[in-house]
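Please read the structure below before turning to the comments.
Convention: sequence-line order gives letters A, B, ...; per-chain numbering from 1. Reckoned from all heavy atoms, side chains included, excluding hydrogens, waters and symmetry mates.
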2 protein chains.
Amino acid sequence: MATMRDVARHANVSVTTVSFALNNTKPVAPATRARIEVAMKELGFQRNAIARALASKRTHILALLFPALQHQFSGTAVNFFTSAAAKANELGYSLMLWPLSNDAEELTELTTNGLIDGVLLMEVQLDDPRVERLAKTTVPFALIGRTREPGDLTYVDVNFEDAVERGIEHLVSLGHRNICLVDGNTPTHRLVGYGPIVRTETTYTAAMRARGLTPRMFSCDETPAGGREVAGHILDEAPETTAILFMNENAGFGMVSGLRARGKVVPDDISMLAIGSSPEIAALSDPEISLMASPSVELGQMGVEALIGLLENPAETPPQQALVPCTFIDNASIRAPR
Amino acid sequence: MATMRDVARHANVSVTTVSFALNNTKPVAPATRARIEVAMKELGFQRNAIARALASKRTHILALLFPALQHQFSGTAVNFFTSAAAKANELGYSLMLWPLSNDAEELTELTTNGLIDGVLLMEVQLDDPRVERLAKTTVPFALIGRTREPGDLTYVDVNFEDAVERGIEHLVSLGHRNICLVDGNTPTHRLVGYGPIVRTETTYTAAMRARGLTPRMFSCDETPAGGREVAGHILDEAPETTAILFMNENAGFGMVSGLRARGKVVPDDISMLAIGSSPEIAALSDPEISLMASPSVELGQMGVEALIGLLENPAETPPQQALVPCTFIDNASIRAPR
DNA sequence: TTGTACGCGTTATCAT
DNA sequence: ATGATAACGCGTACAA
């Protein structure tokens, strides 16, 4: 591998000048710059990222932290990873993957060994211990999702409130008045408080009341079996239901068949609208489920952008805080009530 | 941040000794080692990964390369990423994500800037240009999947041949004799040759012939719509079919409903067996699809292990080449023919 | 067993 | 506009 010294010699200049030319740190005479560029081509030179990092104290590496134990996390995750990594590359950064068990040690080690410039935190909970821990370090970080009180933390989150509000409005405009909500029900969610679910429940309740309608909430496991079961509950306990709003991708499949088993057809008898699902998964259902699609690609891109912004404009005010709307995709699971 | 110099001073030794103690490079007197450890604790010392890399010429960073444009790639991908990253961490490495467009430049830049120790290549095609390019560099690399002629390249791949063979055997043992194959049909697959599909078709044909049965192959888009369409073709062109072997996760959903639309029920009238699918996705179908589950977690782990083996035992013979079997999960889509 | 001193390939400071 | 030279923090001959 050719080093800057080789290039410098080859071009009859000092390494300093080569560095200036490469980084545009200081003006370099066009003629010398040309010589340098020729030398670089001839030697196939490429700057050593490690030496660069050691001298400049910036590695241009970002860490993507996510819980090692996934729950649902299906179609959206890959899109998210991919778009985040692509955007990072585009901006001259690399993205590192850190599946963390809930071990505190790891996190501190990771953030203090000088390998990374910043951290992107996925699957943020309402009261996330990782956030508190990171806040004590000096490593810049951005959240995907947000805590209960984000303060001036940098974050990018899905605008579930907006999605629920628009979803209900759409259903109501079609004539639905008995709309129930079904969400997930894992131990994690109930214990630590999973933002999307809590915010969705809150918004749902408020949006229904604001229209003089009665909120009816159900929960079930994030499995088709859970969906079949809850379908029965809904028909038993809220038989007047004409539309179901749900943020439980996997259970959706079971709900369709659970309803069918009881003689109810989607969408003829009951409409269904998924919140925060992915188009790929929703399209697998029969009928294809209409959904408020989670903006996973945008989330990945914006998260990276926000973090890099934080790194490169240290004292930016105000902090980057973005709520990204879902996209309504009207497939075949909604129609006006009879 | 405390450096080794600080620790050395604090413990009244030289940095050399600290380094020896940390790396076990040379023996260190128990007493000195104790003093050093105390000093490290008190100062909260942690080695700087970058300086370490610069001096040792090993970054302990691996790159995971995958095509930026995904096709199917759903449930398995997240598991794969996660398990690979976790295994890397466990072995003292970090995993970097590189969604590459098919741009040659990027690849060479990436491999010559000294940032990574080795490369893990995903979604390897039968004649993969990336492999040829990498072979010309000095960067060690391992394949997930394999080329037509892997030679002595290090790779880990799914044993599709075994999965198909076992799948057919299972169906035949239940009495099925008219088993057709459905696979994917994207431009990429047809043009460059996608190993899993080619190998599956070959094995399927051979396995059928070996049993005196007639192979019938169909292809369709990797969408539910594609599945519905091909279901019609199958009923028209091969009405004697009693079982369908398919490696087209998304189309599977469409096939079930396409068959049902023509009055055929899975599994009563026709059995279905997915090859290389994921349990999560297969469970979403109604009935739940029986499958040969892709060993994505093992693949991620083994790929990383193989690569690290290559890095740390430079002249290992023979090269690590592993074929990982699928796991048969018998859900509810198979039964004996009438 | 421990220490001295140099090298790794850049960036950054201070001259010129 | 360009150049010497000192960091950056750690690994490792070589010496003692």
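- Rounded to whole angstrom, the span from the CG atom of B/L22 across to the P atom of D/dG9 amounts to 16 Å.
- Taking only side-chain atoms of B/A55, from C-beta outward, the nucleotide of C/dG9, D/dG11, C/dG3 with the closest atom is D/dG11.
- For the side-chain contact (heavy atoms from CB on, under 4.5 Å) with A/L95, the qualifying choice from A/N89, A/T82, A/L62 is A/L62, the only one to do so.
- If you take CZ of A/R5 and P of D/dA4, they are 12 Å apart, rounded to a whole angstrom.
- Closest to the side chain of A/S14, out of D/dC10, D/dG3, C/dT10, is D/dG3.
- Phosphate contact (OP1/OP2 of C/dG9, side-chain N/O of A/T3, threshold under 4.0 Å): absent.
- The phosphate of D/dT12 (OP1 or OP2) has no side-chain N or O of B/T16 nearer than 4.0 angstrom.
- Within the 4.0 Å cut-off from OP1 or OP2 of C/dT11, at least one side-chain nitrogen or oxygen of A/R47 is found.
- Contact annotation: B/N48 side-chain N/O to D/dC8 OP1/OP2 distance is not under 4.0 Å.
- Checking D/dG11, C/dT2, D/dT2 against the side-chain heavy atoms of A/V28 singles out D/dT2 as nearest.
- Distance A/M4 CE to C/dC8 P: 15 Å, rounded to the nearest Å.
- The residue A/V13 sits close only to the backbone: its heavy atoms come under 4.0 Å of sugar-phosphate atoms, none of a base.
- A donor and an acceptor atom, one from each side chain of B/Q46 and A/T112, are located under 3.5 Å apart.
- Taking every side-chain heavy atom of B/F20 into account, D/dA13 is the closest of D/dC10, D/dA13, C/dT11.
- Put simply, CZ on A/R35 is 15 Å from P on D/dA1, counting in whole angstrom units.
- Taking OG1 of A/T147 as the reference point, atom CG of A/D128 lies at 8.0 Å (rounded to 0.5 Å).
- Within the 4.0 angstrom heavy-atom criterion, only backbone atoms of the sugar-phosphate kind lie near A/N12; the bases stay farther away.
- Here A/K57 lies in heavy-atom contact (under 4.0 Å) with sugar-phosphate atoms only.
- Contact check, A/S19 against C/dT10: no side-chain N or O comes under 4.0 Å of OP1 or OP2.
- Computed from coordinates, the A/R58 CZ to C/dG9 P distance equals 23 Å when rounded to whole Å.
- Mapping B/T32 and B/A51 onto DNA chain C by nearest heavy atom places B/T32 closer to the 5' end of the strand.
- Positionally, the nearest nucleotide of DNA chain D for B/I50 lies more toward the 5' end than for the other of B/I50 and B/K26.
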